[in-house]
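So you know, we letter chains A, B, ... as the sequences are listed, proteins then strands, and number each from 1. Since this is a predicted model, take the numbers as computed values, not measurements.
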Protein chains: 2
Amino acid sequence: MSHIRKAVHALHAYVPGEQPRDRNVVKLNTNENPYPPSPRVIEAMQRVDADALRRYPDPHCGDLLHAIAVLHGVPEGSVFIGNGSDEVLALCTRAFVEHGGRVGYFDTSYSLYPVLTEIQESRRHPVELGTDFDWQMPAGYEAALFFLTNPNAPTGTRFPEEAVSSFCASFLGVVVIDEAYVDFAERDCLALAAQLKNVLVVRTLSKSYSLAGIRLGYAIGHPVLIEALYKIKDSYNVNVLTQRIALAALRDRAYMLRNVAQVKRTRERVGAQLAALGHRVWPSETNFLWVEPCGRGAKEVFEGLRRHGIVIRYFPGSKTGRCLRITVGTDAEMDRFLMGWQAGMDGKATA
Amino acid sequence: MSHIRKAVHALHAYVPGEQPRDRNVVKLNTNENPYPPSPRVIEAMQRVDADALRRYPDPHCGDLLHAIAVLHGVPEGSVFIGNGSDEVLALCTRAFVEHGGRVGYFDTSYSLYPVLTEIQESRRHPVELGTDFDWQMPAGYEAALFFLTNPNAPTGTRFPEEAVSSFCASFLGVVVIDEAYVDFAERDCLALAAQLKNVLVVRTLSKSYSLAGIRLGYAIGHPVLIEALYKIKDSYNVNVLTQRIALAALRDRAYMLRNVAQVKRTRERVGAQLAALGHRVWPSETNFLWVEPCGRGAKEVFEGLRRHGIVIRYFPGSKTGRCLRITVGTDAEMDRFLMGWQAGMDGKATA
């Protein structure tokens, strides 16, 4: 007799991007911010004393909750804080979907969503994006929960505001707008979370705040949705260090915005250079580029770069396998990337 | 139409022990260790640099995994690491129990188990302990998963080894032996996790290692069970700081053992003093005492102590409501506690 739940036994787990130990590798594969977090966060970390480590953390993340509520101009009861936005997304499948209920998301989008759906024994109900990753909702589409990634990954594009808001207004289930990359975008959807009872916006400190290491994500939306997440979370899901560091980071928002501005400048420069070389570059509102190489296959380019010590992301598959996702690093990293890319294109020896 | 899953809507969430902000309060309510963690952990924390915060943490907790495997003499494939043992326990209900399956635990024990059971839409199948919190398994008892807390909470007692091992050997489901307090006990059950395919032992750094603030728990057992937990965990469930700090703590195990020895000395002294005053004190193998006051009701004593700025834990209910759970603090804290206790017993003014 197996002890393992059937759905878990059958599950293909989510595979996170590789974390190479070799610090000489140019790591452009998991959309980390190339710039360090605010010096304020290091100070906040070093101020944590033995007594804070010894005690349970505040289960309600009180100070941080207050700061997030003030930042976004929403009541504290509209904010849920999690151990990274991954935890928030997982809790959404468990809070809003009955077993056997439908969970929607874009194909292609963040590949965690179908895994979360399987774990919850819900039914995957993806919406196919067009060949160029454009969005059109099929008539009569219904689901209990829809993960709307905006800007989308791995494509980097932002869906039109009117399309998002009219979808949210007519959809009967809960819409979770995953705004992991929104600080690199021109617009956000926070207003929808404030206006509509069925919309949550999910944010993370992993990308724009350069804090992937601490695991901090949050959701904003109607208190009824937020309360459901609180009911099923682990009591002490966010440790004391993450609470203190996140608070320091949010208080130095100007620092984050300067980093983001620099990433965007680099993104535009590299995107333009790749486009000038004839490659197709999607308009990015994130900290990565989605590129269809011209002249060589995506997999071949990916492998060539790897031999040069440059790691980007290749997603096999009929739709995604023709493109590559490239995290925007520092200007120096991107110059090294462009050299490696060009060497691969020129067919130079790459051993 | 409600957006909330029915089971979640109906749920009574777990209520964590109070975390008073007033640092003058003698806090003996959540079984934190009164002594600070090893100075090595503060050093490890301060060595974490901006680059580590910026990057995703190691999703496999490689260094920590290795250290835990070595410490317990088990293969790395027999170890699962979680965001506190609460996360490990929650994952167990999701990995090993079908919806509608049965989850067992003692009544009385850790009150999180029934909450986790409800979230997973499984069926609660508690085993009643006797009036004096002794254990006898009902004939024909079956469940998919059994949480066996040993030493038990809130009673502090350890169940006899033979009873535990014969139960594990004959039980058809998975047994999760929750050893949160085991470093304060005379014996552990790790050998069962190594011998039997259906047994996991769960540990935490919250109590003996004085690290409740960082959230680190782990499970040890058969690789088939461990793999199931890995498949459904959030990829980056343990942040980089917790990984580094936990590693430093495990490397200074001697420091932890000295603190534990001191807590045990204080526990024996205070237990003997309360017993000498006529109160019933259960033999504790944990860092807390379970006491049935003589002469006054438990609730009255609890409230009296509270007015003295001393917070202990009172669990209302027919079985638990006659007793009190008192975390073992420093000797100075326990002296203050004993004075408050005695004042309540003598009926002195307590305003």
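Both the backbone and the side chain of A:Leu11 come within less than 4.5 Å of a heavy atom in chain B. A:His9 touches chain B through its backbone: at least one of N, CA, C or O sits under 4.5 Å from a heavy atom, while the side chain does not. Only the backbone of A:Asp49 comes within contact range of chain B, judged by heavy atoms closer than 4.5 Å. Looking at B:Lys27, only its side chain comes within 4.5 Å of chain A, counting heavy atoms on both sides. Proximity to chain A involves both the backbone and the side chain of B:Leu225, based on heavy atoms less than 4.5 angstrom apart. Of the atoms belonging to A:Gln120, heavy atoms from both backbone and side chain fall under 4.5 Å from chain B. For B:Thr30, the parts lying near chain A are the backbone and the side chain together; criterion is any non-hydrogen pair under 4.5 Å. Heavy atoms closer than 4.5 Å to chain A are found in both the backbone and the side chain of B:Glu87. In this structure, chain A has heavy atoms under 4.5 Å from both the backbone and the side chain of B:Pro16. With a threshold of 4.5 angstrom between heavy atoms, B:Val97 approaches chain A through N, CA, C or O but not through any side-chain atom. Both the backbone and the side chain of A:Val224 come within contact range of chain B, judged by heavy atoms closer than 4.5 Å. In this structure, chain B has no heavy atom under 4.5 Å from any part of A:Tyr209. For A:Asp234, the part sitting under 4.5 Å from any heavy atom of chain B is the side chain, from C-beta outward, and nothing else. Looking at A:Leu216, there are no atoms closer than 4.5 Å to chain B (heavy atoms on both sides), in backbone or side chain. If you measure heavy-atom distances from B:Ile119 to chain A, the contacts under 4.5 Å come from the side chain alone. Residue B:Val48 touches chain A through both its backbone and its side chain, counting heavy-atom pairs closer than 4.5 Å.
Using a 4.5 Å heavy-atom cutoff, the side chains of A:Asn33 and A:Val328 are not in contact.
Environment of CD in B:Glu18: crowded, with over 12 heavy atoms of neighbouring residues, nucleotides or ligands closer than 6.0 Å.
With respect to chain A, the highest number of heavy-atom pairs below 4.5 Å among B:Ala52, B:Pro37, B:Ala144, B:Gly62 belongs to B:Pro37. Chosen from B:Ala50, B:Ser38, B:Gly17, the residue pairing most often with chain A at heavy-atom distances under 4.5 Å is B:Ala50. Between chain B and the residues A:Met45, A:Gln46, A:His60, A:Glu227, the largest count of heavy-atom pairs under 4.5 Å involves A:Met45.
Panel note: side chain B:Asn29, backbone B:Arg313; no donor-acceptor pair is recorded below 3.5 Å.
The heavy-atom pair separating B:Ala212 from B:Glu32 by the smallest distance is CB-CG, 4.4 Å.
A donor and an acceptor atom, one from each side chain of B:Lys207 and B:Thr204, are nowhere located under 3.5 Å apart. For the residue pair B:Asp178/B:Tyr113, the side-chain donor-acceptor check at 3.5 Å is satisfied.
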